[in-house]
Structure formats: C-alpha cells, structure tokens
Colleague: 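Structure provided below as structure tokens; questions to follow.
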Amino acid sequence: MGDSREGGCACGSVRYRLTDEPLVVHCCHCLNCQRQTGSAFAVNVVIETDFVELLSGEPHVVDVPRDDGSTQQVYRCPGCQVAVYSRYTWPELRYVRAGTLDDPASVSPDVHIFTRSKAPWVELPPDVPAFEIYYDRDDVWSDASNARLEALIARQDA
Ligand SMILES: [Zn+2]
Ligand SMILES: [Zn+2]
C-alpha cells in the first residue's frame, strides 16, 4: 500500500497506523453502535489485528455489554477515553472507528448493515449494498479481502 492510514485519539497519546487496506468498511446502524457512539451509526474499518500498528500509547480495554447478552471489547485511550477500535468475536480482527483516522474521508462504507434500526432521517446511497441485518461475505467483500480472511482462518486452525 502506498500511503498508509494513520489515526488516533483526541489527546494524541494513542496513535496507530493501518498497514494494509481495510478488508471491508461497515456502516452499522444497530442499536449497540448507536448507543456506544451516541450517534446514528458507527463506521468501522474492519482489518486484521496484525495490520493495526500501534505507534504510541496503550489503549485500555473496556467490556461493553451488548443487547444480545454478549460483550464487546472497546479499546480506549486511557487519557481522553476516545474509543479508537473494538473487537467482537475474533481477536484477530479489529473494527477501527473511521472517525479516528486523520483523514476519515479516505474511507467510505462498502456496506450498510442492521438497517432495520436505521434512524429514519438517514438516507442511504442507492449504489451501496444495504442489509436489514447482516450479509453473506461472498456477496460484499472483494476477492482479495476474502482471500485474506481465508488465510487468517487457515493460520488460526494451524
Ligand atoms: Zn487520548
Ligand atoms: Zn453495530
């Protein structure tokens, strides 16, 4: 990748760099994301944990309850408490909050998910796939991204 993406928290103590392209960029309209962000949706850059290079600071991990009874690990700056990324089921994947990128406009959603709870005043672009709940990866991800995830699964099973 030519120009790597960097980002960080508000106070500047946590800084990170994404060393590869996102696997996929989610715009999630679920109620967990709305509650966590205090906004109408979350924009998550999904990428392998190995490709999130911590440049400075050490985010601390907060277990955040979700409506389904599970918890999600949110990584926050210990100083300003801004959430820079989170982890769901898989430790091998990070969901980087796009708004913490130095250039948030450098990414845009590949897919809108959980639109069943979308705020009624949010209008979705007609040319981006949108799903009431979730989707089948083969229908949305690029071949390259699917191959990267398959490789990750293979490493996990090894
Ligand atoms: Zn901070
Ligand atoms: Zn969500």
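What you see below is based on every heavy atom in this structure, not just the backbone, and it leaves out hydrogens, waters and symmetry mates. Order of appearance sets the numbers: ligands from 1, and atoms from 1 within every ligand.
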Colleague: For the pair Gln34 (side chain) and Ser117 (backbone), establish whether a donor and an acceptor sit closer than 3.5 Å, ignoring hydrogens and angles.
Modeller: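 Yes, Gln34 side chain to Ser117 backbone: donor-acceptor pair under 3.5 Å.
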Colleague: For the metal site, I want the angle between atom SG of Cys77 and atom SG of Cys11 with the Zn ion (ligand 1) at the apex, to 10°.
Modeller: 110°
Colleague: Is the backbone of Val46 close enough, under 3.5 Å, to the side chain of Asn44 for a donor and an acceptor to pair up by distance?
Modeller: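 Checked: no pair found.
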Colleague: Taking N, O or S atoms only and a limit of 2.8 Å, check whether His29 reaches the Zn ion (ligand 2).
Modeller: no
Colleague: Tell me, please, whether Tyr75 has Arg94 positioned over its six-membered ring: NZ or CZ under 6.0 Å from the ring centre and within 45 degrees of its axis?
Modeller: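 So Arg94 does make the cation-pi contact.
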Colleague: How about Phe41 and His29: are their ring centres within less than 6.0 Å of each other?
Modeller: yes
Colleague: Between the Zn ion (ligand 2) and Cys28, is there an N, O or S atom separated by less than 2.8 Å?
Modeller: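 An N, O or S atom of Cys28 is closer than 2.8 Å to the Zn ion (ligand 2), so yes.
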Colleague: The Zn ion (ligand 1) as vertex, arms to SG of Cys80 and SG of Cys9: angle to 10°?
Modeller: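 Roughly 110°, rounded to 10°.
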